[in-house]
*Asks:* 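Would you mind keeping the following structure in view while I ask a few things?
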There are 4 protein chains.
Amino acid sequence: MPISRLIAPRGGVPLAKRERRKEARPGELLDAALDLFVEKGFAATRSEEVAARAGVSKGTLFLYFPSKEELFKAVVRENISGRFQEWRQELEDFEGGSADMLRYCLKVWWDRVGATKASGINKLIISEARNFPDIAAFYQDEVIKPVQALIRLILQRGVDRGEFHIVDLDYAMFSVMAPMIFLIMMKHSLGACVPQGYPIDPERYIASQMDTLLHGLCVRPEDNKTRSRDPK
Amino acid sequence: MPISRLIAPRGGVPLAKRERRKEARPGELLDAALDLFVEKGFAATRSEEVAARAGVSKGTLFLYFPSKEELFKAVVRENISGRFQEWRQELEDFEGGSADMLRYCLKVWWDRVGATKASGINKLIISEARNFPDIAAFYQDEVIKPVQALIRLILQRGVDRGEFHIVDLDYAMFSVMAPMIFLIMMKHSLGACVPQGYPIDPERYIASQMDTLLHGLCVRPEDNKTRSRDPK
Amino acid sequence: MPISRLIAPRGGVPLAKRERRKEARPGELLDAALDLFVEKGFAATRSEEVAARAGVSKGTLFLYFPSKEELFKAVVRENISGRFQEWRQELEDFEGGSADMLRYCLKVWWDRVGATKASGINKLIISEARNFPDIAAFYQDEVIKPVQALIRLILQRGVDRGEFHIVDLDYAMFSVMAPMIFLIMMKHSLGACVPQGYPIDPERYIASQMDTLLHGLCVRPEDNKTRSRDPK
Amino acid sequence: MPISRLIAPRGGVPLAKRERRKEARPGELLDAALDLFVEKGFAATRSEEVAARAGVSKGTLFLYFPSKEELFKAVVRENISGRFQEWRQELEDFEGGSADMLRYCLKVWWDRVGATKASGINKLIISEARNFPDIAAFYQDEVIKPVQALIRLILQRGVDRGEFHIVDLDYAMFSVMAPMIFLIMMKHSLGACVPQGYPIDPERYIASQMDTLLHGLCVRPEDNKTRSRDPK
DNA sequence: AATGAATGAGGGTTCATTCAT
DNA sequence: GATGAATGAACCCTCATTCAT
């Protein structure tokens, strides 16, 4: 064990080794479980593998989680960002153009979620949603809806300030979400096992998506007259 | 059994019932397997369920596919459209603006793939890629690459004809792919089990995405000066 | 099909091909079954293999034998030599020394049983006896006992004529049987799959066994005084 | 559980019960497997039966042996006596007549192998040789060849000391092996299931075989002139 | 609290047997 | 009669879960 592990992680008095590990167990198990569930799926992941990756024995896993299914639920709960309030505040305080606001928002999302292992939770949820409908509903309420609300906030602001022209606000949200979800999906599926195909560079990817998202593909403003009307 | 099944399928001598069933079996099994693999994942789908959904007994499945894994591979093979050549021809023959061409392309894709049950193969591949790396590589070569080539063809055409302004062609492809993949993913995961959340209307979704994709969010044209340069 | 097969095997009017085959079916199935049971054992032999080797379909096997087990019993019944009466007569008519009689007997046995595929039945019975106790008892009565009676006949004759010195007649029978059974066992087990070990030459083997059997290993007659007494 | 099991097996610290069981398990399973494989054959023996006879559940078997086939191989390895070196030494140290040496050798073999359950391995190998050719080859090398070498050693000694007259040394070995193999075969096949037929008394059997083997059937000595010549 | 041996229900696969053709 | 597609009981093996240590 590296010496650093013997030092308490977040200030406070360093604990004796035994106690520290004991306290850290659930987190280590959740980390291991997230990795493996993302990699292999819930059904194909063996409990013993999770325990082994967390450095404990099979029996210990069941001391902390009463079943594999509860472990799954805990993994999801643990990895949904509860920081939407915080983000919302950051965005409400944002001063500047809405295009920059969107750029900032995606950057923050990438740094805090996309680039971390928590991003795997998206792939996990999408893969397993139909096997865990209650988890899916929970995720829908706790993550998807807040995210959509945030995006809508930005888009609405852009429209209100005369910066964005948006025909169908409800569905325009997906223009922001889709590229992000796609990036994460690739990172955790094909991108993780078909190296010749997809080492997508995230920075470049995000830059390109932002560019298209903000300005579109078309050269001429006059094309704007072909824009569809809001179907609502 | 529907009456139509009692009629010889393609003229000629009517086959005995037993033989006709035998001929139809692999297809019925593949259909059932696709449904279930998409719904529950490979590992969580029991062979017997596949057989039952196809209306046969467990043993019969193994008369047609030597193992569950081979069944999986056959499902993938069966559901990758080998029609890229055909599409390519259609697109090469296309006359009209590149924006319309892109619209036409996505509509065709939706009608022929997205709206059919074959669309589930995308979710399946993404969910299972890391458990079946060879399948993933196969899919990469047989589907992803041709699709990307088609998209690139259109985008390049738009650039060549002065219709599109594209900074980073290699990554702009993802601006076309991502919304389509996102739509399919939702359809087969959250959308299939969280009804209150996502009855995305595909027509409206595609219209909205095309709109943003072609024209961007920003009110024109003063933002153009903020466009990034091609990083290549 | 060789032309010879179209000719009735044992006299009589040649039948049309269909009828002949029909009549020959059970025998072909029994031959195939004997081969496979000897080679792989009863449990490890698949019914379909037997049918395939006999050139018929799986279903046909069950037209002639109601179950795999009945097939096994038929194989045993078919391959036990019912010719002990005939042999007994031959031996009773034998004129000459008892050593020659024994030699003749073993030669006949080798020619008519040991060298034929019927010899496999011995290995089969020994391998499967405990799974088919009634078959084993049947074999005991129908084969082992008559064989022992024949051997005893010869040995007794030798003793009566002053040619053989036999201490324990009941067990001396085994001195004749053991080498023959051993030869057959080797032929159908190790000898059939470990070529570097056991291509025992039957002629030489029998000659050697007869030699030892008749004269023993010891050089000096005076050793005779060490002979044990009949324990009976 | 017998009280003796609660006492540490070989001095030292008593093991916890669980650990002692763990240590004993493979042996118990191998014993059970030997019994059942000998009795019913490999294919007809169910894994669960083996486990049940060893007093454990089905799953436990697979904690110790990765598959039924590996269990089979372990049974064979476990039951081939690696004591040929030791025996060779005993025989090389033997002082006395070669006839007595042979008698001693067979007695030792009977006491240490024939009378034990390890003797079943012979029947097992012969029954299954063709289903496990690599096991057969292994047995050939590890058991048959050393045994033959030992027998040859004795016979050669007898010839060298002028005690034995042997025409064909290579095949005379079989005159020693055949009765022993025959005895074991009977013990484990017909003898085990046809009680009215074969309660062969081993002592008497061996005595009789030795008698015939050493002195032959024929009354001495005039027949000696009929002895065949060495065919080599 | 931690371990890991043990369990046994469950799932993939085989194959003897049936039966519509 | 002959076929071979279909069946489903039975078998091998896995792995989530338990519990004595």
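Because the structure is a prediction, the values reported are computed rather than measured. Here is the naming used below: chain letters follow the sequence lines, and residue numbers restart at 1 for every chain.
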*Asks:* For G55(D) and P66(C), find the nucleotide of DNA chain E closest to each by heavy atoms; which residue's nucleotide sits nearer the 5' end?
*Replies:* G55(D)
*Asks:* Given dG8(E), is OP1 or OP2 found less than 4.0 Å from the side-chain N or O atoms of S57(D)?
*Replies:*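 The answer is no; no side-chain N or O of S57(D) sits under 4.0 Å from OP1 or OP2.
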*Asks:* With both distances under 3.5 angstrom, what nucleotide forms a Watson-Crick or G-U wobble pair with dT7(E)?
*Replies:* dA16(F)
*Asks:* Considering only dG8(F), dA2(F), dA1(E), which nucleotide approaches the side chain of L63(C) most closely?
*Replies:* dA2(F)
*Asks:* Once you round to the nearest 0.5 Å, how far does CG of D134(C) lie from OH of Y139(C)?
*Replies:*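 Interatomic distance, D134(C) CG to Y139(C) OH, rounded to 0.5 Å: 15.5 Å.
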*Asks:* Would you kindly give the CZ-to-P distance between F42(D) and dC11(F), to the nearest whole Å?
*Replies:*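 Those two atoms, CZ and P, are 14 Å apart.
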*Asks:* List the steps, then state whether salt bridge (charged side-chain N to carboxylate O under 4.0 Å, His left out) holds for E49(A) with K40(A).
*Replies:* CA-CA 11 Å; E49(A) 282 179 283; K40(A) 314 169 69 148; 2.7 Å; yes
*Asks:* Among dC12(F), dT17(F), dG11(E), which nucleotide sits nearest the side chain of S67(A)?
*Replies:* dT17(F)
*Asks:* K58(B) side chain: which of dC12(F), dT13(E), dA16(E) is closest?
*Replies:* dT13(E)
*Asks:* Roughly how many Å is it from CG in L61(C) to P in dC19(E), rounded to a whole number?
*Replies:*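 Result: 16 Å.
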*Asks:* What integer distance in Å separates L71(A):CG from dT17(F):P?
*Replies:* 10 Å
*Asks:* Which distance, rounded to the nearest 0.5 Å, do you find between the CG of N79(A) and the CG of L124(A)?
*Replies:*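 Those atoms lie 9.0 Å apart.
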*Asks:* Would you check, one step at a time, whether the test ring pair (Phe, Tyr, Trp, His ring centres under 6.0 Å) holds for F42(C) with F132(C)?
*Replies:* CA-CA 10 Å; F42(C) 174 78; F132(C) 298 92; 5.0 Å; yes
*Asks:* Under 4.0 Å, heavy atoms only, any strand: does F65(A) hit a base, just the sugar-phosphate, or nothing?
*Replies:*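 It contacts nothing in the nucleic acid.
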*Asks:* Starting at NZ of K68(A) and ending at C1' of dT14(F), how long is that distance when rounded to a whole Å?
*Replies:* 11 Å
*Asks:* For dT21(F), give the paired nucleotide (Watson-Crick: N1-N3 plus N6-O4 or O6-N4; G-U: N1-O2 and O6-N3; both under 3.5 Å), or none.
*Replies:* dA2(E)
*Asks:* With rounding to the nearest 0.5 Å, note down the distance linking CG in L36(B) to CZ in R53(B).
*Replies:* 4.0 Å
*Asks:* Ignoring hydrogens and geometry, is there a side-chain-to-backbone donor-acceptor pair from H188(D) to G120(D) under 3.5 Å?
*Replies:* yes
*Asks:* Find the distance E49(A):CD to dT14(F):C1' and express it as a whole number of Å.
*Replies:* 12 Å
*Asks:* How many Å lie between CZ on R46(D) and P on dA9(F), as a whole number?
*Replies:* 16 Å
*Asks:* Please classify the nucleic acid contact of S47(B) as base, sugar-phosphate, or nothing, using heavy-atom distances under 4.0 Å.
*Replies:*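 Sugar-phosphate only.
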*Asks:* Rounded to the nearest Å, what distance is computed from the CD atom of residue E48(D) to the C1' atom of nucleotide dT7(E)?
*Replies:* 11 Å
*Asks:* For the side chain of F62(C), starting at C-beta, report the closest nucleotide among dT3(F), dT7(F), dA16(E).
*Replies:*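 Minimum distance to the F62(C) side chain belongs to dA16(E).
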*Asks:* Using whole Å, what does the distance between atom P of nucleotide dC15(E) and atom CD of E69(C) come to?
*Replies:*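 Rounded to the whole Å, the gap is 18 Å.
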*Asks:* Counting only Watson-Crick pairs (N1-N3 plus N6-O4 or O6-N4) and G-U wobbles (N1-O2, O6-N3), all under 3.5 Å, who is the partner of dA9(F)?
*Replies:*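 Answer to the pairing question: dT14(E), which forms a Watson-Crick or G-U pair with dA9(F).
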*Asks:* For DNA chain F, whose closest nucleotide is more 5', that of G59(A) or that of G59(D)?
*Replies:*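 In this pair, the answer is G59(D).
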*Asks:* Counting just side-chain N and O atoms, does Y64(A) come under 4.0 Å of either OP1 or OP2 of dA2(E)?
*Replies:* yes
